[in-house]
Number of protein chains: 2
Amino acid sequence: MRAAVFRDAAIEVAEVAEPVPGDGQVLVRTLACGICGSDLHAAKHAPRMAATARRMPGRVPMDLSRDIVFGHEFCCEVLDYGPRTARRLKPGTRVCAMPLMPTPAGPRGIGYSNEFSGGYAERMLLAESLLLEVPNGLPTEHAALTEPLAVGLHAVAKARLSGDEAPAVIGCGPVGLAVVVGLREQGFRDIAVSDFSPKRRELALHLGATRAIDPAREDVFAGWAETRRAAVFECVGVPGMLQGLFERAPRDARVIVAGVCMEPDTIEPLFAIYKELELQFVLGYTPDEFARALRLLAEGKVDGGALITGKVGLAGVAQAFEDLANPERHTKILVEPWR
Amino acid sequence: MRAAVFRDAAIEVAEVAEPVPGDGQVLVRTLACGICGSDLHAAKHAPRMAATARRMPGRVPMDLSRDIVFGHEFCCEVLDYGPRTARRLKPGTRVCAMPLMPTPAGPRGIGYSNEFSGGYAERMLLAESLLLEVPNGLPTEHAALTEPLAVGLHAVAKARLSGDEAPAVIGCGPVGLAVVVGLREQGFRDIAVSDFSPKRRELALHLGATRAIDPAREDVFAGWAETRRAAVFECVGVPGMLQGLFERAPRDARVIVAGVCMEPDTIEPLFAIYKELELQFVLGYTPDEFARALRLLAEGKVDGGALITGKVGLAGVAQAFEDLANPERHTKILVEPWR
């Protein structure tokens, strides 16, 4: 089958082995798969990511001498089942799933693994136990937003907000926007966001933010959280963001670190100490949060369409990686491998 | 009066101006004042500390071209009162107080300020509103431990423990030991500590720890917190500690950063992200915690004597700063300026 593979530090279209479903696995056709900021980071920092994974017990590092197929934000269609499956959903059914494959050796990530290809391929394998049927009436391209939306819901859940905090979202890429949606869903009606891009700020306001700040001109914390505790969602994930927050966040702020910074970072702890800041690092989501994200999209509570700014076939993935650098032009590009 | 002053990056004994109590202030005689690890750090990193304070709105940096008298862990005796005081405690009464002076321009720290000398001096000024009478029967030298004990109680309070966590204390200097006491007071009966020094580990066990690990030989997290969430108290405060914990702490651990690292530090956020760690930076204490620390000492619930390993006069302060580098020999040295 055809796939956009990560090979020699670049994305290219190649013919790869047809996946064959094993025990408990399902063969699916990829209908749409979003390009995640983490895919861009991974393409840039793959050797570091692999080296870091080697230092983490229990993680299986990517072998960069072999092909990797990225893509973990997918909506697919059931094609066929492997052995030891209940075949609950008939072929043709549209499904979403957490990008995770249970194996006897432990769960493996789909999309950053040599073993399990991600959604930048015509077909892929999923775990039957994790399949969620896409509700009727929900467009495929919106269903593909389930995963990034779940990331935002999870960040908000881990923030354990009591409801009287002043939430501020730093960075309005897909993660930041998903956090805005999560905050609205939790009942917050007063949400500040900060992003250099006018287009991204506009999108954040469209999705429920109430105050959009250009950090080049204004400090998101000025006149914010003066009587309430600040809950700051760091959704950028590049070096320097944490120290910037240490310096600018108000005393006692709770910082939820949802941006995935893959490089070493330098901090001056004294700032965080003087302010008694709290940092909660977050990643991923629970199965419940994932299912809730799909439900929110299905109920039409999130304008998924506003996030999707482009669609490409496999041949367009490499260019899409470049194009996503421009926040004015793009938020989420979907890969449609059947194009 | 005589004082051990910090001048030209060294401690020396000098004659300094006699303090005169202003509105709401009390003139006291210093009976005993502990040397804090932060004083050692401050002596080493004073220019950085001052530079950092200049970058923090509302903080008054030390002017290092002028003398500073350190010392914020004191037990004193009331000598005289300034104007606008209620003179509630009669001269001769022994008192402790938070090392803070309210001024019309905001509170100022005692001991790291050009304006308000600390306890390495024969006399000092305190705020009448903050005086706590030392209960009868509590030795002066134990009362001088109120401040460092309050630091430990505060760290434990900010950890918001539910009671079923597995607490681990990294570093058994005075802060780490005070955390052990705080954990015992919260009802924890299973407390792991880690320190390179056999003497410090012994002291931690004496004060209530139940498992003392030499990090050169064993990992404090091995076989720990396997079924409970780890609550890790970082009580060392030097660069590299945070990254070390990112790498070794178990998933979902809550790290309470009580060590005051005054230098820039490098972290690899990816480790904290994968484990969804939580960091709570802490500093100081509330008035309630400070009063509770004094009460605990007065009730004999803490063997304060075990912590005190030396006493010096003003002429011995400089040498004491050197000696405290050896954890086998010293835990807490008290300065008795009247010697």
Side-chain angles (χ1 to χ4, degrees), chain A residues 38 41 45 48-49 51-53 55-59 109 154-155 157-160 219 221 234 237-239 241-243 246-286, chain B residues 38 41-42 45 48-49 51-53 55-59 109 154-155 157-160 221 234 237-239 241-243 246-286:
Chain A
S38 290
H41 285 214
H45 299 291
R48 189 192 301 279
M49 228 175 133
T52 304
R55 289 162 57 206
M56 292 180 175
R59 290 197 90 86
H154 178 67
K158 289 285 277 191
R160 293 183 283 114
D219 183 347
F221 300 113
E234 199 299 279
V238 300
M241 288 304 298
L242 289 183
Q243 177 59 22
F246 285 6
E247 294 182 25
R248 292 172 9 249
R251 199 187 140 72
D252 283 322
R254 181 165 176 76
V255 179
I256 300 93
V257 185
V260 180
C261 177
M262 297 194 183
E263 296 163 82
D265 199 4
T266 300
I267 56 172
E268 294 177 80
L270 208 47
F271 284 83
I273 292 167
Y274 278 144
K275 294 181 180 176
E276 298 204 270
L277 299 183
E278 188 172 340
L279 264 68
Q280 171 70 62
F281 292 90
V282 301
L283 184 74
Y285 31 72
T286 65
Chain B
S38 290
H41 284 213
H45 299 293
R48 190 192 301 278
M49 229 176 133
T52 304
R55 287 161 59 206
M56 291 180 175
R59 289 196 91 85
H154 178 69
K158 289 286 275 192
R160 293 184 283 112
F221 300 114
E234 198 300 278
V238 299
M241 288 304 300
L242 290 183
Q243 177 59 22
F246 285 7
E247 293 182 25
R248 289 169 14 247
R251 200 187 140 72
D252 283 320
R254 179 165 177 78
V255 179
I256 300 93
V257 185
V260 179
C261 177
M262 296 193 182
E263 297 162 82
D265 199 4
T266 300
I267 55 173
E268 294 177 81
L270 208 47
F271 286 82
I273 291 167
Y274 278 143
K275 293 180 180 174
E276 298 204 271
L277 299 184
E278 188 172 340
L279 265 67
Q280 171 70 62
F281 293 90
V282 301
L283 185 73
Y285 30 74
T286 64

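Sequence lines set the chain letters: A, B, ... in the order given, protein chains first and strands last, and positions in each chain run from 1. When reading the values below, keep in mind they use all heavy atoms of this one structure, side chains included, and skip hydrogens, waters and symmetry mates.
Residues passing the side-chain contact (heavy atoms from CB on, under 4.5 Å) test with Ala53(A), sequence neighbours excluded: Arg59(A), Pro61(A). In this view, Tyr274(B) satisfies the ring pair (Phe, Tyr, Trp, His ring centres under 6.0 Å) rule with no residue, not counting sequence neighbours. Evaluation of the ring pair (Phe, Tyr, Trp, His ring centres under 6.0 Å) rule for Phe271(A) yields no partner, not counting sequence neighbours.
Residue Leu270(B) holds its CG atom at 10.0 Å from CZ of Arg48(A), rounded to the nearest 0.5 Å.
Taking both residues in full, the closest heavy atoms of Val282(B) and Ile273(A) are given as O-CG2, 3.7 Å, listed atom of the first, atom of the second, then distance.
For the side chain to side chain contact (heavy atoms under 4.5 Å, CB included) criterion with Pro269(B), the lone passing option out of Val260(A), Leu279(A), Asp265(A), Ile267(A) is Asp265(A).
Contact annotation for His45(A): neither backbone nor side-chain heavy atoms come within less than 4.5 Å of a heavy atom of chain B. Only the backbone of Glu263(A) comes within contact range of chain B, with heavy atoms under 4.5 Å apart. Contact of Lys275(A) with chain B is not made at all, since no heavy-atom distance falls under 4.5 Å. Neither the backbone nor the side chain of Ile256(A) comes within less than 4.5 Å of any heavy atom in chain B.
By a heavy-atom distance cut of under 4.5 Å, Glu247(A), Asp252(A), Arg254(A) are the residues of residues 247-255 of chain A near chain B, going up by number.
The candidate from Gly237(B), Gly284(B), Pro264(B) with the greatest count of non-hydrogen atom pairs under 4.5 Å with chain A is Pro264(B). Per-residue counts of heavy-atom pairs under 4.5 Å with chain B were compared for Gln243(A), Lys158(A), Met262(A); the largest is that of Lys158(A).
Under a 3.5 Å cut-off, the side chain of Glu276(B) and the backbone N or O of Gln280(A) do not form any donor-acceptor pair.
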